[in-house]
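Presented below is the structure to which this report refers.
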Amino acid sequence: MPGNVVHVNNPICKSTPAQTMPPKKSLRGGPVKSKQSESPASSGKEQEDEDFTVDVGRKKRKAPQAEKSGKTTNTGAAAEKKVYCHWLMKSEPESRFEKGVDVKFGIEDLKALPNQTGCWDGVRNYQARNFMKDMKVGQRAFFYHSNCKEPGIAGLMKIVKEAYVDHTQFDKKDAHYDPSSKPENPKWSMVDVQFERMTKRFIPLAELKKYHLQHKVKGGALKDVALFTRARLSVQPLTREEFDFILSLEEQHPI
DNA sequence: GCCAACGTTGGC
DNA sequence: GCCAACGTTGGC
């Protein structure tokens with residue numbers, strides 16, 4: 001573990017939710033409490049999730065600047081919002097300095113945190129943030145290694161706390177400080193995630209791309225996967241089919 | 001290090 | 001609201 005937990009910082013996680021830490025490096029203390037137990041969603045049984053769409057009536061254009069998420073221009077008509085239950089979240093496993101701060105945070109870093117749990121902070125893109133706001137406790141996400149020697153999926157994690165204010169937006173020392181965001185009206189959110197397991201084998205981006213290209217032609221689960229159709233999004237939704245297909249690759253020989 | 005894709009900003 | 005300039009992401 002990082003000598004001092006201190007800066008595991010990335011577009012991601014640092015702190016451990018629960019955690020009481022020396023006041024000094026605060027940040028880390030994490031966001032307040034982490035009641036990991038009583039989580040709404042996971043009470044009772046694992047709700048078998050299936051993707052579906054919800055009628056959200058007409059969209060209210062709130063207004064923040066560029067806050068348009070999809071291309072759904074919505075002129076009054078009823079809008080539909082797809083509900084996802086599976087996710088892919090990107091983080092960089094290799095050191096890189098942003099504003100003097102190392103943003104490295106690979107799956108091993110998550111695993112090394114107390115309770116193998118951390119908060120996914122640093123997301124500064126509205127679409128990605130909105131997807132995090134849609135996440136529910138108990139849902140699974142792939143931990144994707146980006147901007148590194150071998151990009152691809154390294155493991156699985158679970159959402160253990162739903163979206164709440166990302167405190168790093170107010171921290172001048174943080175790599176993702178956002179001076180335009182005010183505490184009275186925070187712009188950015190984060191969720192807490194817990195390491196679940198490594199995938200049985202690393203699933204390289206290049207392999208996923210081969211399937212994507214193949215599926216675009218012949219049809220298949222990955223024909224529209226966000227990893228390629230919305231490549232720059234750091235938090236992406238996956239349909240159940242996409243998630244299951246990718247997970248099944250663990251058992252297959254690489255192509 | 002290059003650069004394509006695409007998100008954000010800000011003038012008009 | 002349009003759109004050019006600019007900035008960022010992230011594969012290669």
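Chain A is the first sequence line, chain B the second, and so forth, proteins listed ahead of strands; every chain is numbered from 1. What's counted below: heavy atoms across the whole structure, side chains too, no hydrogens, waters or symmetry copies.
- Considering only residues two or more places apart in sequence or on other chains, A/Glu196 meets the side chain to side chain donor-acceptor pair (under 3.5 Å) condition with A/Arg140.
- A/Ala206 comes within 4.0 angstrom of no nucleic acid atom, judged by non-hydrogen atoms across all strands.
- Heavy-atom contacts from other residues, nucleotides or ligands closer than 6.0 Å to NZ of A/Lys99 number more than 12.
- Under the rule for a side chain to side chain contact (heavy atoms under 4.5 Å, CB included), the partners of A/Lys210 that lie at least two apart in sequence or sit in another chain are A/Ile255.
- Clustering of Ile, Leu, Val, Met, Phe, Trp and Tyr by side-chain heavy atoms under 4.5 Å joins A/Phe97 with none of the others.
- A/Lys149 comes within 4.0 angstrom of no nucleic acid atom, judged by non-hydrogen atoms across all strands.
- Running 5' to 3' along DNA chain C, contacts with non-hydrogen atoms of chain A at under 4.0 Å begin and end at C/dG7 to C/dC12.
- Mapping A/Asn147 and A/Arg232 onto DNA chain B by nearest heavy atom places A/Asn147 at the nucleotide closer to the 5' end.
- Applying the ring pair (Phe, Tyr, Trp, His ring centres under 6.0 Å) test to pairs two or more places apart or on separate chains, those with a residue in residues 178-205 of chain A are A/Tyr126-A/Trp188.
- Nucleic acid contact class of A/Phe228 (heavy atoms, under 4.0 Å, all strands): none.
- Applying the salt bridge (Lys or Arg N to Asp or Glu O under 4.0 Å) test to every pair with at least one member in residues 142-156 of chain A, sequence neighbours left out, gives no pairs at all.
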